[in-house]
Amino acid sequence: MRVLAAMSGGVDSAVAAARMAEAGHDVTGVHLALSRNPQSYRSGARGCCTIEDSRDARRAADVIGIPFYVWDLAERFHADVVEDFVNEYAAGRTPNPCLRCNEKVKFSAVLERALALGFDAVATGHYARIVDTPDGARELHRAVDPAKDQSYVLGVLTQQQLAHAFFPLGDTVKTEVREEAERRGLSVAAKPDSHDICFIADGNTAGFLGAQLGEAPGDIVDAQGNKLGEHQGTHGFTIGQRKGLKIGTPAADGKPRFVLDISPVDRTVTVGSREELAVSDLTASKPRWCGPAPEDRLRATAQLRAHGEEVPVVATVQGDHVQVSFDEPTSAVAPGQAVVLYDGTRVIGSATIDSVQRVSAAV
């Protein structure tokens, strides 16, 4: 089988490519150049997609003994991931750029080009598992290593995309991957993992958004509309945020305040207690199913953030919308995030959160 191995320059993708080659596949390595300015996407262990990473990927390919190329997808990445990220924050929503990159770039643009060039599949270093069923379908499952599991950001993949995907590290824990890289003579064996958002090299999301969107001062208010402070732009906040609110007046009960709502139209940020964050239901749209679309109503578990906990829910599917009701109230649920549904370790699919029903509003 002809396999295109996406090689980021890190240890995971290098070992994934090596495993595919060792399994007897005809493997070609490709590094995705995603930055318009490769020097701007890395600072220490943060970020990725630099010239340094491209060189690391090439050296790994040489050790493995496979052909290697660099594909320039900077414009596609900027349009589908970076601009989407900025626009979502400008609208008061909280996007997940890694999930969007998998949906729009790695398993759309890259997979489409790979298939057009005669490759059969794309392999990546993601920590997730694909299980082949007796009827010929493919299921996406959580990785064996719960600390590294990346099934949440892969929950946008369809059955057609899974049919052409390999995740060779899904049955391995991270320490074993580094040990294997060392045995194989890969120089990236001890290379630090990338962190945070790859196109924000210093990790300062608020600063990046401020540079893109400029200042738009407004008020910070409580749930009753009383002004508590001021801010320089709603893009500097996310639902559930506690730190950096810069409210001079303490709450009457002395407890911390959290961001409850973000309204870019009137430039208002509403804050309240932890209890006021509690959500009983959410409505999501643009579902993407990893297999056949579920019928009507189902019991499942849901994950709301990349490293969040699973919570039991009832999901009701109505065409292009999904209603999710939590067994127990949960908090810090933000429009723009993905809700990913699971049946045990199997990923059912995902949808983008549009709105939430707060417990305090329902009382």
Hey, are D12 and K148 close enough for a salt bridge, meaning a charged N less than 4.0 Å from a carboxylate O? no
Quick check for you: to the nearest 0.5 Å, what is the distance between L162 atom CG and Q159 atom CD? 6.0 Å
dist E230:CD -> D219:CG (nearest 0.5 Å) comes out at 6.0 Å
Taking all atoms of both residues into account, what is the closest heavy-atom pair of V122 and V110, and its distance? CG2-CG1, 4.4 Å
Separation between CZ of R19 and CZ of F167, rounded to the nearest 0.5 Å: 14.5 Å
So, H231 side chain and R267 main chain: donor-acceptor pair closer than 3.5 Å or not? yes
Does atom NZ (K104) have a neighbourhood of more than 12 heavy atoms from anything else shown, all under 6.0 Å? no
Is L4 reachable from L32 through a run of hydrophobic residues whose side-chain heavy atoms are each under 4.5 Å from the next? yes
Does a side-chain N-to-carboxylate-O contact under 4.0 Å join R59 and D62? no
4.5 Å side-chain heavy-atom contact, F199 and P97: yes
side-chain contact (heavy atoms from CB on, under 4.5 Å) evaluation trace for V269 with V221: CA-CA 6 Å; V269 175; V221 302; over 6 Å; no
Heavy-atom pair with the smallest gap, counting every atom of H31 and F68: CB-CZ, 3.5 Å
Give a yes or no answer on whether the side chain of Y89 reaches the backbone of L209 with a donor-acceptor pair at less than 3.5 Å. no
If every non-hydrogen atom of V313 is compared with every non-hydrogen atom of T301, which pair is closest and at what distance? CG2-C, 4.2 Å
Are the charged groups of R299 and D327 less than 4.0 angstrom apart, N to O? yes
Taking the basic N atoms (NZ, or NE/NH1/NH2) and the acidic carboxylate oxygens, is any pair closer than 4.0 Å for E103 and R100? yes
Do any N or O atoms from the side chain of D222 and from the backbone of N226 form a donor-acceptor pair under 3.5 angstrom? yes
Donor-acceptor pair, N96 side chain versus L99 backbone, under 3.5 Å? yes
For the student: nearest non-hydrogen atoms of C98 and V153, plus distance: CB-CG1, 4.2 Å
Go through the steps to decide whether D145 and E176 satisfy the test side-chain contact (heavy atoms from CB on, under 4.5 Å), and finish with yes or no. CA-CA 11 Å; D145 186 348; E176 293 173 346; over 6 Å; no
Point-to-point distance, once rounded to the nearest 0.5 Å, from CD of Q318 to CZ of R297: 10.5 Å
Looking at every non-hydrogen atom in both residues, tell me the closest pair between A21 and I66 and how far apart they are. CB-CG2, 4.2 Å
Measuring from atom CD1 of I197 to atom SG of C101, what distance do you get when rounded to the nearest 0.5 angstrom? 12.0 Å
What is the minimum heavy-atom distance between F258 and S273, and which atoms define it? CD1-C, 4.0 Å
Salt-bridge criterion met for R178 and D193 (N-O under 4.0 Å): yes
Evaluation steps, side-chain hydrogen bond (donor to acceptor under 3.5 Å, both in side chains), between S263 and T268: CA-CA 5 Å; S263 178; T268 299; 5.6 Å; no
Atom pair CG (L341) and CD1 (I348), whose distance is rounded to the nearest 0.5 Å: 5.5 Å
Ion pair R358/E275, N-O distance below 4.0 Å: no
Do other residues, nucleotides or ligands put more than 12 heavy atoms under 6.0 Å from the CD atom of E182? no
Which is it for E310 and R142 under the side-chain contact (heavy atoms from CB on, under 4.5 Å) test, yes or no, and what are the steps along the way? CA-CA 12 Å; E310 280 184 85; R142 286 192 182 279; 3.1 Å; yes
Worked verdict on F237 versus L245 for side-chain contact (heavy atoms from CB on, under 4.5 Å): CA-CA 8 Å; F237 300 87; L245 301 184; 3.8 Å; yes
4.5 Å side-chain heavy-atom contact, Q161 and L111: yes
Checking the side chain of E88 only, and the main-chain atoms of F85 only, is there a donor and an acceptor separated by less than 3.5 Å? no
For the pair R184 and E22, find out whether any cationic side-chain nitrogen is under 4.0 Å from an anionic carboxylate oxygen. yes
Is the shortest distance from a Lys or Arg side-chain nitrogen in D132 or R138 to a carboxylate oxygen in the other one below 4.0 Å? yes
Proximity of F166 and H25 rings by center, below 6.0 Å: yes
Do we get R2 above F119's six-membered ring, with its NZ or CZ under 6.0 Å from the centre and within 45° of the axis? yes
